[in-house]
Amino acid sequence: MNRRDFARLFAAGGSAALLAHPALGRLAPRPGSAPLIRRTQAGQEVDWEEVRARFLMPPDLSVMNAANLCPSPASTLQAVYDYTERMDREPVPTFRDEMRGVKESTRDRLAGFLGVTPEEILITRNTSEGNNWVSTGLELGPGDEVVIVRDNHPSNNLAWKAKGERFGFTVREIDPPSPHPGADYYVRTFREAITPATRVIAFTHLTNTAGDLFPAAELCTLARENGVLSAVDGAQSFGLFDIDLSEMRPDFYTGSAHKWPCGPKETGVLYVNAQVRERFWPTMFSAYSGSRGLARTHEGMGQRDEPAIHAFGAQIEFLEEITMAEVEARSRALGTALVEELSALDGVHMWTSPDPARRSAVVTFRPADLPPGDVVAALEEDGIVAAARGGSDRPGVRLSPHFYNSHTDVERAVSAIRGYLRTGL
């Protein structure tokens with residue numbers, strides 16, 4: 001199925017037609033299909049071609065937009081479809097009870113994936129919801145202070161400011177220099193910004209603007225040493241980095257399934273450190289809460305999309321089969337290749353740091369004086385998916401490759417940009 005047929009199919013029948021298409025069954029893992037991990041004389045290695053074959057993307061489509069939206073492998077799509085179909089075919093109490101129970105198995109898998117306990121995990125709809133639960137659930141008022149970073153996502157930036165206006169606490173904002181000044185700069189800047197009135201520091205682990213990597217563990221340590229809560233937005237690190245929250249030790253950490261984890265849409269995670277749970281008020285009150293820990297009081301959200309929650313857990317299992325160490329290494333290598341090759345093009349200005357310790361797989365650059373939106377449209381015509389950044393703050397094109405990409409995808413993107421710079425759009 002080529003890109004044109006793919007687009008025509010989706011336009012004709014939407015997601016239902018896509019799920020029913022023979023490609024889904026052909027690409028879904030089957031008994032006897034090639035394993036993701038193969039044995040070699042040197043040991044074991046990931047079969048990246050087989051990993052790519054598990055996704056529905058046509059071979060001639062290079063999707064490098066993981067910072068915004070990732071495709072899911074066929075097995076995860078199939079899980080969503082199968083359980084949704086059964087729920088609609090058999091909407092009986094026993095199956096509904098079974099489906100409500102999948103939250104706990106997914107909670108267990110998320111806890112193991114992040115190195116924490118199930119009692120500290122809340123299953124949300126996305127990072128934005130998790131961030132807002134934090135900024136709404138803490139008891140803050142006049143005389144209190146929250147320190148944020150200008151590069152934070154709106155759900156972890158504008159939300160704090162709006163609630164500061166409503167409840168009377170002060171929000172102070174750190175302005176990140178460009179290019180990335182290094183980890184020591186941010187530790188020093190946060191240390192200088194913290195006052196006796198500071199109650200929370202909130203920052204993004206990896207920014208979606210220039211792909212700046214923040215020293216999360218060091219900043220969480222700084223917060224603890226000063227009796228301050230730490231809220232880490234993991235939208236760009238959950239599913240990309242090999243994360244162990246027991247080592248990072250944040251008070252709050254949020255993530256979405258639809259980005260780097262390649263999971264189902266409208267599922268996400270909020271980690272709440274057990275040591276601060278008594279200071280964290282619930283935001284939602286309804287039926288069907290979780291059965292353990294904080295989920296008993298904070299996860300009453302009424303009817304949920306249990307098939308998607310089940311598939312969220314299945315997708316975490318998919319990532320664990322590859323291992324997050326391999327996922328992170330693969331994505332970082334592709335990001336490095338993009339930075340190095342794009343930097344060598346005349347007219348390209350890189351917003352992303354050249355230092356591997358200060359970045360990962362989010363790569364943003366200005367392609368001379370070409371309008372970013374037009375470049376992204378041209379890339380799509382050439383079968384390459386990217387994102388545009390407009391405005392005055394580091395405008396340009398963002399490419400964010402992930403483990404399902406290859407160095408061929410990188411070469412296609414660099415070659416396309418080179419052509420646009422030479423001949424225009």
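Numbering starts at 1 and runs along the sequence shown.
Taking CG of N156 as the start and OG1 of T254 as the end, the distance is 6.5 Å to the nearest 0.5 Å. Separating the CE atom in M301 from the NZ atom in K103 is a distance of 8.5 Å, to the nearest 0.5 Å. Note that CH2 of W281 and OG1 of T136 are 14.0 Å apart. Values are rounded to the nearest 0.5 Å. Distance CD1/I121 to CG/L245: 7.0 Å, rounded to 0.5 Å. Considering CG of L240 and CZ of R330, their distance stands at 13.5 Å, rounded to 0.5 Å. Of the inter-residue distances, the one linking Y420 atom OH with L370 atom CG reads 10.0 Å to the nearest 0.5 angstrom.
Although no hydrogens or angles enter the test, the distance criterion places no donor-acceptor pair under 3.5 Å between the side chain of S237 and the main chain of F241. Using a distance-only test at 3.5 Å, with no hydrogens or angles considered, a donor-acceptor pair links the side chain of T106 to the main chain of I309. With hydrogens and angles ignored, the 3.5 Å screen pairs no side-chain donor or acceptor of D82 with any backbone N or O of A79. A donor-acceptor pair is defined here as one N or O able to donate and one able to accept, closer than 3.5 Å; no such pair exists between the side chain of S415 and the backbone of R412. D374 places no side-chain N or O within 3.5 Å of a backbone atom of P371 that could act as its donor or acceptor partner. Listed for the K259 side chain is no donor-acceptor partner under 3.5 Å among the backbone atoms of A235. Without hydrogens or angle criteria, D382 side chain to I384 main chain gives no donor-acceptor distance under 3.5 Å. Using a distance-only test at 3.5 Å, with no hydrogens or angles considered, a donor-acceptor pair links the side chain of N132 to the main chain of S128.
Under the 4.5 Å side-chain criterion, counting only non-hydrogen atoms from C-beta, C220 is in contact with V232. Between E173 and V149 the shortest side-chain heavy-atom distance does not fall below 4.5 Å. The shortest distance between side-chain heavy atoms of D305 and E266 does not fall below 4.5 Å. The side-chain heavy atoms of V46 and V51, taken from C-beta on, include a pair separated by under 4.5 Å. Residues P282 and W133 form no side-chain contact, since every pair of their non-hydrogen atoms from C-beta on lies 4.5 Å or further apart. No side-chain heavy atom of P354 sits less than 4.5 Å from a side-chain heavy atom of S343. Counting heavy atoms from C-beta outward, L270 and H298 have side chains that stay 4.5 Å or more apart. E306 is listed as a side-chain neighbour of M87, based on a closest heavy-atom distance under 4.5 Å.
In this view, S178 and W351, R394 satisfy the side chain to side chain contact (heavy atoms under 4.5 Å, CB included) rule, not counting sequence neighbours. In terms of the salt bridge (Lys or Arg N to Asp or Glu O under 4.0 Å) criterion, residue partners of E145 (sequence neighbours excluded) are, by chain and number, R172. Residues passing the side chain to side chain contact (heavy atoms under 4.5 Å, CB included) test with A216, sequence neighbours excluded: F203, H205, M248. Listed by chain and number, the residues in a side-chain hydrogen bond (donor to acceptor under 3.5 Å, both in side chains) with E341 amount to none (sequence neighbours excluded). Annotation: side-chain hydrogen bond (donor to acceptor under 3.5 Å, both in side chains) contacts of T364 (sequence neighbours excluded): none.
The two residues P395 and G391 have their closest heavy-atom pair at CB-O, 3.3 Å. Between G263 and S72, the shortest heavy-atom contact is O-OG, 3.0 Å. Scanning all heavy atoms of the two residues, the minimum distance from P71 to C262 falls at O-CB, 3.2 Å. Taking every heavy atom of both residues into account, Y404 and R52 meet most closely at O-CD, 3.0 Å.
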D244 vs S246, test: side chain to side chain donor-acceptor pair (under 3.5 Å). Steps then yes/no. CA-CA 5 Å; D244 186 344; S246 69; 2.5 Å; yes
- Message: I'd like to know whether D212 forms a side chain to side chain contact (heavy atoms under 4.5 Å, CB included) with R359, so could you lay out the CA-CA distance, the side-chain angles of the two residues, the decisive distance to 0.1 Å, and finally the verdict.
- Response: CA-CA 5 Å; D212 286 349; R359 58 166 166 80; over 6 Å; no
Exercise for the section: Could you walk me through whether R89 and R86 pass side chain to side chain contact (heavy atoms under 4.5 Å, CB included), step by step? Expected result: CA-CA 5 Å; R89 188 178 65 244; R86 185 178 168 193; 3.9 Å; yes
(message) As a quick check of understanding, evaluate side chain to side chain contact (heavy atoms under 4.5 Å, CB included) for V146 and F169, giving each step before the final call.
(response) CA-CA 8 Å; V146 176; F169 61 85; 3.8 Å; yes
For the pair E120 and T117, evaluate side chain to side chain donor-acceptor pair (under 3.5 Å) and give the outcome as yes or no after the intermediate values. CA-CA 6 Å; E120 297 171 300; T117 69; 3.0 Å; yes
Test side chain to side chain donor-acceptor pair (under 3.5 Å) applied to S230 and Y253, step by step | CA-CA 9 Å; S230 55; Y253 178 91; over 6 Å; no
- Task: Show your reasoning for whether side chain to side chain contact (heavy atoms under 4.5 Å, CB included) applies to F365 and L345.
- Result: CA-CA 11 Å; F365 62 97; L345 300 182; over 6 Å; no
Side chain to side chain donor-acceptor pair (under 3.5 Å) between N152 and D233: does it pass, once the steps are laid out? CA-CA 8 Å; N152 284 355; D233 182 326; over 6 Å; no
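Checked against a 6.0 Å centroid threshold, the rings of H180 and Y185 do not count as neighbours. For F55 and H402, the distance between ring centers is not under 6.0 angstrom.
The number of heavy-atom neighbours closer than 6.0 Å to CZ of R125, taken from other residues, nucleotides and ligands shown, is 12 or below. With a 6.0 Å radius and a threshold of 12 heavy atoms from other residues, nucleotides or ligands, F113 has its CZ atom above the threshold. The 12-atom threshold is not exceeded at CD of E139, counting heavy atoms of other residues, nucleotides or ligands nearer than 6.0 Å. When the shell of 6.0 Å around CG of D346 is examined, it contains 12 or fewer heavy atoms from other residues, nucleotides or ligands. Atom CZ of R166 is surrounded by 12 or fewer heavy atoms from other residues, nucleotides or ligands within 6.0 Å.
Salt bridge status for E328 with R332: present, with a side-chain N to carboxylate O gap under 4.0 Å. Between E299 and R107 there is a salt bridge, with a side-chain nitrogen of the basic residue lying less than 4.0 Å from a carboxylate oxygen of the acidic one. Ion pairing of D393 with R150 is present here, as a side-chain N (NZ or NE/NH1/NH2) and a carboxylate O approach within less than 4.0 Å. Salt bridge status for D108 with R292: present, with a side-chain N to carboxylate O gap under 4.0 Å. Salt-bridge formation is not detected for the pair R277/E119: no Lys NZ or Arg NE/NH1/NH2 atom is positioned less than 4.0 Å from an Asp or Glu carboxylate oxygen.
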Show which side-chain atoms of residues 312-320 pair as donor or acceptor with protein atoms under 3.5 Å away, not counting sequence neighbours.
| unit_1 | atom_1 | unit_2 | atom_2 | d |
| --- | --- | --- | --- | --- |
| Q315 | OE1 | T76 | OG1 | 2.6 |
| Q315 | NE2 | P261 | O | 2.8 |
| E320 | OE1 | R109 | NH1 | 2.8 |

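When T124, T127, N126, T267 are each tested for a side-chain hydrogen bond (donor to acceptor under 3.5 Å, both in side chains) with S256, only one passes: T127.
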